[in-house]
Amino acid sequence: MKIDINQLEQVNKNSLSGHKERYNFLAESLSKQGRDVVGIVEKISKFQVAIPSWALGAGGTRFGRFGFQGEPSNLEQKIDDVGILHRLTQTAGAISLHIPWDVPNDYGAIKELASSHDILFDAVNSNTFQDQAIAKHSYKYGSLSNTSKVSREQAIAHNIDVIKIGDKLGSKSLTVWLADGSNFPGQSNFQAALQNTENSLKEIYKGLPDDWKLFIEYKPYEPNFYSTVIQDWGTSFMLANACGDKAYTLVDLGHHLPNTNIEQIVSTLMLKGKLGGFHFNDSKYGDDDLTVGSVKPYALFLIFNALVYGMENNPQNPYPAWMIDASHNIKDPLEDLIQSLEAIQEAYAKALLIDQKELREAQSNHDVVKCQEILQDAYRTDVRPLLEKARLNAGGVLNPIAAYRALEIRKKLIQERGANSVASGL
């Protein structure tokens with residue numbers, strides 16, 4: 001389904017006067033503080049976040065999954081759902097595919113469909129964390145790190161195939177996340193597992209087109225609870241350096257032990273020119289993949305402060321690939337993604353309000369109190385009118401959640417796909 005522009009204009013109509021009041025008040029206040037309001041709104045408008053294909057259906061846990069009606073059962077429907085998100089928010093301009101869940105039957109038709117929604121293809125993701133029906137060899141004891149050469153070769157070949165699929169769609173990057181590790185002491189030789197992984201990644205790296213990037217993700221635990229091969233950013237960074245200039249670390253907000261200082265990790269990687277991608281979610285204990293900003297919004301803001309500084313001061317680092325990586329469990333997946341997109345834009349907008357020159361001066365003078373005041377003043381600012389203005393300028397809606405419900409989108413998806421439609425690949 002597609003949303004007609006007349007529907008959006010009608011939804012915006014009733015809220016337009018209130019928005020103008022809020023925006024004009026905030027814009028005048030920020031302008032008096034020396035902030036470039038027009039420039040900030042423009043940066044917000046240009047900030048695009050990829051939606052992963054697996055986030056468009058209901059998620060789950062190790063104990064069960066409770067489906068949501070009207071889920072997308074094929075790639076075409078997944079693209080349509082991202083089109084809905086992008087039409088409302090104007091900030092979801094890309095989709096990230098997971099192979100083999102999302103192999104197109106007709107590449108031309110898929111590209112045409114994505115183009116009709118103004119959507120690009122972001123990083124493609126390989127899957128060696130589960131066995132496929134057609135696979136000859138198992139990943140039960142690892143994929144790229146496996147002691148079995150044939151299993152490693154199968155995993156390498158799969159990643160090369162994923163690159164070829166992505167290349168046909170216009171993607172420019174491959175994300176590798178490994179579930180490899182061990183559950184018991186003595187089960188694995190740590191050095192051998194790491195060396196096998198490095199050698200395998202180098203083989204995959206050889207298959208990258210010249211204008212592609214390799215993103216290496218990390219995770220401290222789960223599904224293996226004694227060790228994971230790529231357990232932290234340092235290991236990912238080391239592997240990326242071993243592969244070459246086109247290999248980068250990918251940071252996932254949920255892939256850290258409690259109280260890890262993620263903004264410091266981001267700062268270090270950008271200084272070294274090795275932050276390639278960033279996955280947004282939120283967590284309470286570990287990789288819960290909760291709605292972005294639902295648990296630790298101030299931490300997200302601090303991370304964006306580091307990201308904004310890095311984007312302005314670290315030309316050696318490429319512009320990061322942004323993506324949401326969340327599991328919705330009991331929410332309408334599209335509503336949850338809208339909430340996440342809003343939280344990301346909000347944190348980004350607040351970080352843009354920080355006077356970096358003033359902050360650096362306070363840091364140089366060891367004025368710790370002023371440093372905190374500068375950060376918290378930006379954080380306490382209600383930037384929602386700026387987000388509304390950015391969406392309005394780009395052709396979106398002032399309040400995406402309200403519009404989603406007013407237009408009864410989920411009801412129409414259920415009518416179109418049926419109540420028992422289940423998202424593919426989950």
Side-chain angles (χ1 to χ4, degrees), residues 1-3 49-89 92-105 110 113-114 117 119 121-127 129-130 132-133 162 165 169 175 177 179 222-223 252 254 279-283 287-292 294 323-342 400-401 404-405 407-426:
M1 65 169 290
K2 285 189 177 181
I3 301 172
V49 183
I51 304 298
S53 64
W54 60 91
L56 298 163
T61 69
R62 293 188 300 278
F63 303 104
R65 176 179 179 270
F66 300 94
F68 211 91
Q69 295 181 337
E71 293 182 9
S73 60
N74 55 49
L75 179 54
E76 289 79 3
Q77 291 178 352
K78 291 176 182 179
I79 293 173
D80 284 341
D81 278 8
V82 177
I84 291 169
L85 294 172
H86 191 46
R87 197 75 184 90
L88 295 175
T89 68
I95 184 170
S96 184
L97 303 187
H98 210 302
I99 311 300
W101 298 341
D102 303 313
V103 179
N105 293 318
I110 287 297
L113 176 62
H117 289 294
I119 292 170
F121 290 94
D122 197 64
V124 282
N125 303 263
S126 57
N127 179 341
F129 53 79
Q130 59 187 193
Q132 304 299 326
V162 172
I165 291 169
L169 294 169
T175 296
W177 172 71
E222 197 190 37
D252 185 304
H279 285 183
F280 294 101
N281 49 53
D282 212 333
S283 66
D287 189 21
D288 303 315
D289 287 342
L290 301 176
T291 314
V292 181
S294 61
M323 193 190 84
I324 293 173
D325 189 1
S327 179
H328 319 294
N329 299 338
I330 58 174
K331 286 183 180 178
D332 179 329
L334 296 184
E335 288 190 338
D336 187 89
L337 288 164
I338 289 171
Q339 289 181 317
S340 287
L341 290 166
E342 178 89 1
I401 285 288
Y404 181 86
R405 294 189 170 189
L407 295 173
E408 297 184 317
I409 290 174
R410 178 55 61 181
K411 180 180 179 180
K412 292 174 182 176
L413 289 174
I414 294 171
Q415 291 173 347
E416 181 180 304
R417 301 170 182 173
N420 298 318
S421 178
V422 178
S424 60
L426 294 174

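The residues of the chain are indexed from 1 along the displayed sequence.
- Across all their heavy atoms, Pro333 and Ala58 have their closest contact at CG-N, 3.7 Å.
- A search for side chain to side chain contact (heavy atoms under 4.5 Å, CB included) contacts involving Ser340 returns Thr291, Val292, Ile324, Asp336, not counting sequence neighbours.
- Checked by atom type, the side-chain pair Asp325/Trp54 shows a donor-acceptor distance below 3.5 Å.
- Residues satisfying the side chain to side chain contact (heavy atoms under 4.5 Å, CB included) criterion with Gln69, sequence neighbours excluded, are Ile414, Ala419.
- With values rounded to the nearest 0.5 angstrom, Tyr404 atom OH is found 4.0 Å from Leu334 atom CG.
- The heavy-atom pair separating Ala123 from Ser96 by the smallest distance is O-OG, 2.6 Å.
- One side chain, Asn281 or Asp289, offers a donor N or O that lies under 3.5 Å from an acceptor on the other.
- Residues passing the side chain to side chain contact (heavy atoms under 4.5 Å, CB included) test with Ala50 are Ala94, Asp122, Met323, sequence neighbours excluded.
- When all heavy atoms are compared, the tightest approach of Leu290 to Ser283 is CD1-CA, 4.3 Å.
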### Message
side chain to side chain contact (heavy atoms under 4.5 Å, CB included), that's the test. Do Ile95 and Asp102 meet it? Break it down for me.
### Response
CA-CA 11 Å; Ile95 184 170; Asp102 303 313; over 6 Å; no

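- Pairing each heavy atom of Ile119 with each of Ala92, the nearest pair is CG1-O, 4.5 Å.
- The stretch residues 414-423 participates, sequence neighbours left out, in these salt bridge (Lys or Arg N to Asp or Glu O under 4.0 Å) pairs: Asp81-Arg417.
- Put simply, the side chain of Ile165 does not reach to within 4.5 Å of the side chain of Leu97, judged on heavy atoms.
- Here the straight-line distance linking atom CD1 of Ile338 with atom CG of Asp332 works out to 8.0 Å at 0.5 Å rounding.
- The distance from atom CG of Leu337 to atom OG1 of Thr89, rounded to the nearest 0.5 Å, is 9.5 Å.
- The shortest heavy-atom contact between Asn127 and Pro100 is CB-CD, 3.9 Å.
- Under the side chain to side chain contact (heavy atoms under 4.5 Å, CB included) criterion, Ile110 pairs with Leu75, Glu76, Ile79, Pro104, Phe121, Leu169, not counting sequence neighbours.
- No donor-acceptor distance shorter than 3.5 angstrom exists from the side chain of His98 to the backbone of Ser53, with no hydrogens or angles considered.
- Among residues two or more places apart in sequence or in another chain, the ring pair (Phe, Tyr, Trp, His ring centres under 6.0 Å) test is passed with His117 by none.
- Residue Lys412 places its NZ atom among more than 12 non-hydrogen atoms of other residues, nucleotides or ligands, all under 6.0 Å distant.
- No side-chain heavy atom of Arg410 sits under 4.5 Å from any side-chain heavy atom of Glu335.
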